[in-house]
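It should be emphasised that the depicted structure is a prediction, and the values quoted were computed from it without experimental measurement. Note on naming: letters A, B, ... go to the chains in the order of the sequence lines (proteins, then strands), and numbering restarts at 1 for each one. Reckoned from all heavy atoms, side chains included, excluding hydrogens, waters and symmetry mates.
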There are 2 protein chains.
Amino acid sequence: MFQVPKLSFHDQGQVQRDFNSVTPPAEPPTNNAPNTGGFDDILAHLEVSSADRVLIYLAVSAMKLGGHRYGAFLEAATTAAKLAVYTSYLEQGKNVRKTSFLHHVEPKRVRAIIKEVEAVLVDRRALTTLSDQEPYYLSGLPYLWQSLYPWEPGTLRLQRPELTPSEHQRVEAEVPLHYPPTRLLDLLEFLDLIKLLHSKSQDDFPPTRRMVLSDALTEHIKFRLLHSGTVVQIEASPLSIPVFALARTHYAPKGERERVFTMIDDVARFFKLMQDWAAEQPGVLRALEVFDVDIDRRSEALEELDQLLRAWADKYHQDGGYPMLMQLAAGTREAREG
Amino acid sequence: MFQVPKLSFHDQGQVQRDFNSVTPPAEPPTNNAPNTGGFDDILAHLEVSSADRVLIYLAVSAMKLGGHRYGAFLEAATTAAKLAVYTSYLEQGKNVRKTSFLHHVEPKRVRAIIKEVEAVLVDRRALTTLSDQEPYYLSGLPYLWQSLYPWEPGTLRLQRPELTPSEHQRVEAEVPLHYPPTRLLDLLEFLDLIKLLHSKSQDDFPPTRRMVLSDALTEHIKFRLLHSGTVVQIEASPLSIPVFALARTHYAPKGERERVFTMIDDVARFFKLMQDWAAEQPGVLRALEVFDVDIDRRSEALEELDQLLRAWADKYHQDGGYPMLMQLAAGTREAREG
DNA sequence: CTCAGCGGGAGGTCCCCTCAC
DNA sequence: GTGAGGGGACCTCCCGCTGAG
């Protein structure tokens, strides 16, 4: 176990430098920071390649933070793989057999993939399986609830005239003031709302990709909405079935909605930039700094970096010039990373 | 279509700033740079979310640049999804049903996934489906060839004493000087080499994940090796079957071996940093600069940024301090990006 | 309500084969 | 060689059902 001095890996455009020791020696843990959900501990104990790690981060983001179904993530991955096959097919001069050999896919299957991809291309339909952040059947629900069941103060929040005033009072007392002004729904109305939203979301899909709203799927959606705190069940239902309230104006898995979205966005942009770099496009800078900092000066250092970057971009910015993008992240280095 | 002034999005630790307009308006193309393989054009015509885009970049890197099988990429994706399910299972207090609802996976399947993941964890076996850059059955072949069939100048390069001297001469004339000093192999020897390597690579896998070396897989491997230029077929074979030569000491899909590896590595690190940022860990800086630059001053700007970063890291570096990492990429902004 | 089991169908990943151009 | 088709094995993602604690 040795000291890691400061390590710099900068690489600009065609100017290739030495990359033999891109992976510096390991370091003692010093892991007092993160834990993005327990899986970091698991990852640390396993031998995982970088590509696998990216996949795992993506899966966690989509499924745990975004609320996408297990199957939806898998389908998105296969769609990505199909696109890769399709581009190979074009590069091979539309030769099915060569494409088949290249990727170890049956010619028959290659043809099916071609057909599928081209159908999407002519329709210009979104092949986006993993919608922006959350599936529509989750993120759309608060909007639908608010538009279909608005509530005016002074009117009955639970539209059940057969209930006594005291029963109404007891139920309404359970609804916090900060909840959106919407009516309370019983289980059946709530499920109908899910059903309606699902059928709406299916309109965008081609018949082949449509899913029936099974009981299992309905329960999954209901669980997700309750689990995320978007919908809350009223404790003391005056009815024979449970009663629910909309607790938020947006679906939010863990309150980190915006940040997760920004993260994936940044990663995609960063990936694109790195792809240009890997292809040795001119005018691309890649930089990696591995260093240790006095913990008391950490925020000072980051603050200064922040200012440096702003000043730099300001200095060279020129309206109407060549479009540029710079993407940076700096933070704690994990044990295995270099 | 309006002008984009300079846009800065910096965010440090807990200091949240405004993110409402994270996505600035679109810009005219000005696309004179990239084309990482034709799929950029396709992507531009499609509506693709960021998560999908990352998946596509990954698929292309693994399958087209790395040479991984179509099925291998899919398996890696399912493995990642299974890990996500497993961590949810732990977070839910090992409650199978809740995990089932959360991700819309059958309880039966959840249990199978748990069992599978735990088996990997106790064995501490690599769950790395997508090995570092290329599959072993491709990258290992040049090494095996060189160790099993070295060639000494002066001896027969094609070990067939029955051939006439002129036949030997004609074959050897076809082998460029820069090829590694290895013997030439006929088709059967070549295929045996593939077979041997495959069985070697299978030793690392548990019995369940082992693949038989089918004819189809053998042809896929052979095609990949020839397509990448790692192995070259001799035009005028003096035998009844084709003859092959090893052309490189390493498997290299398109000569961008190192860079592709570095790219995936960087993306994984960047992703990790961003995850800390999304979780609002302290001491994380995220920065995005969207700006235009005078094309004539582009390299000057990048050079200066390069120097700025080095100087900054030098200034704050302190041996034995808190481990830090900074990852940056800067380059051409695509039309759709902001 | 949770856990456990079994049933089925559709579609995808793999394998191999033949026949016409 | 290539395209186009046939077959079958196995898995897994979906669905539904029942019964035991």
Trainee: Side chain of A/Arg109, heavy atoms from C-beta onward: which of C/dT13, C/dC14, D/dG5 has the nearest atom to it?
Mentor: C/dT13
Trainee: Measure from CD on A/Glu116 to C1' on C/dG12 and round the result to the nearest Å.
Mentor: 11 Å
Trainee: Check every atom of C/dC14, D/dA4, C/dC3 against the side chain of B/Arg97 and return the nucleotide holding the closest atom.
Mentor: C/dC3
Trainee: What's the CZ-P distance between A/Arg111 and D/dG6, to the nearest Å?
Mentor: 11 Å
Trainee: Is the closest basic N to carboxylate O distance between B/Glu106 and B/Arg111 below 4.0 Å?
Mentor: no
Trainee: Using the rule side-chain hydrogen bond (donor to acceptor under 3.5 Å, both in side chains), only one of B/His220, B/His68, B/Arg69 pairs with A/His104; which is it?
Mentor: B/Arg69
Trainee: Could you give the NE2-to-P distance, from A/His68 to D/dC13, as a whole number of Å?
Mentor: 18 Å
Trainee: Of B/Asn95 and A/Val105, whose closest DNA chain C nucleotide lies nearer the 5' terminus?
Mentor: B/Asn95
Trainee: Would you kindly give the CG-to-P distance between A/Asp215 and D/dT18, to the nearest whole Å?
Mentor: 13 Å
Trainee: Is there side-chain contact between A/Thr230 and A/Pro142, with heavy atoms separated by less than 4.5 Å?
Mentor: yes
Trainee: Pick the nucleotide of DNA chain D nearest each of A/Ala72 and A/Pro107; which residue has the one closer to the 5' end?
Mentor: A/Pro107
Trainee: Taking the nucleotide of DNA chain D with the closest heavy atom to each, which residue, B/Lys82 or A/Lys98, is nearer the 5' end?
Mentor: A/Lys98
Trainee: Kindly indicate whether the side chain of A/Lys108, heavy atoms from C-beta on, has any atom under 4.5 Å from the side chain of A/Ser100.
Mentor: no
Trainee: Can you check the B/Phe101 CZ to C/dC3 C1' distance for me, whole Å?
Mentor: 12 Å
Trainee: Find the distance B/Gln92:CD to C/dC1:P and express it as a whole number of Å.
Mentor: 18 Å
Trainee: For A/Ile221 and D/dC14, what is the distance between atoms CD1 and P respectively, to the nearest whole Å?
Mentor: 13 Å
Trainee: Below 3.5 Å, does any donor atom in the side chain of B/Glu106 face an acceptor in the base of D/dC13, or the other way round?
Mentor: no
Trainee: Quick one: is C/dT13 close enough that its OP1 or OP2 comes under 4.0 Å of any side-chain N or O from B/Arg69?
Mentor: no
Trainee: If you go through the side-chain atoms of A/Lys108, does one of them form a donor-acceptor pair with the base of D/dG6 closer than 3.5 Å?
Mentor: yes
Trainee: Just compare C/dT13, C/dC3, D/dC14 and give me whichever is closest to any side-chain atom of B/His104.
Mentor: D/dC14
Trainee: Could you check how far CD of A/Gln233 sits from P of C/dC1, rounded to whole Å?
Mentor: 10 Å
Trainee: From the set C/dA4, D/dG5, C/dC14, return the single nucleotide nearest to any side-chain atom of B/Ser214.
Mentor: C/dC14
Trainee: Is a side-chain N or O of A/Glu219 found less than 3.5 angstrom from the main chain of B/Phe101, in a donor-acceptor match?
Mentor: no
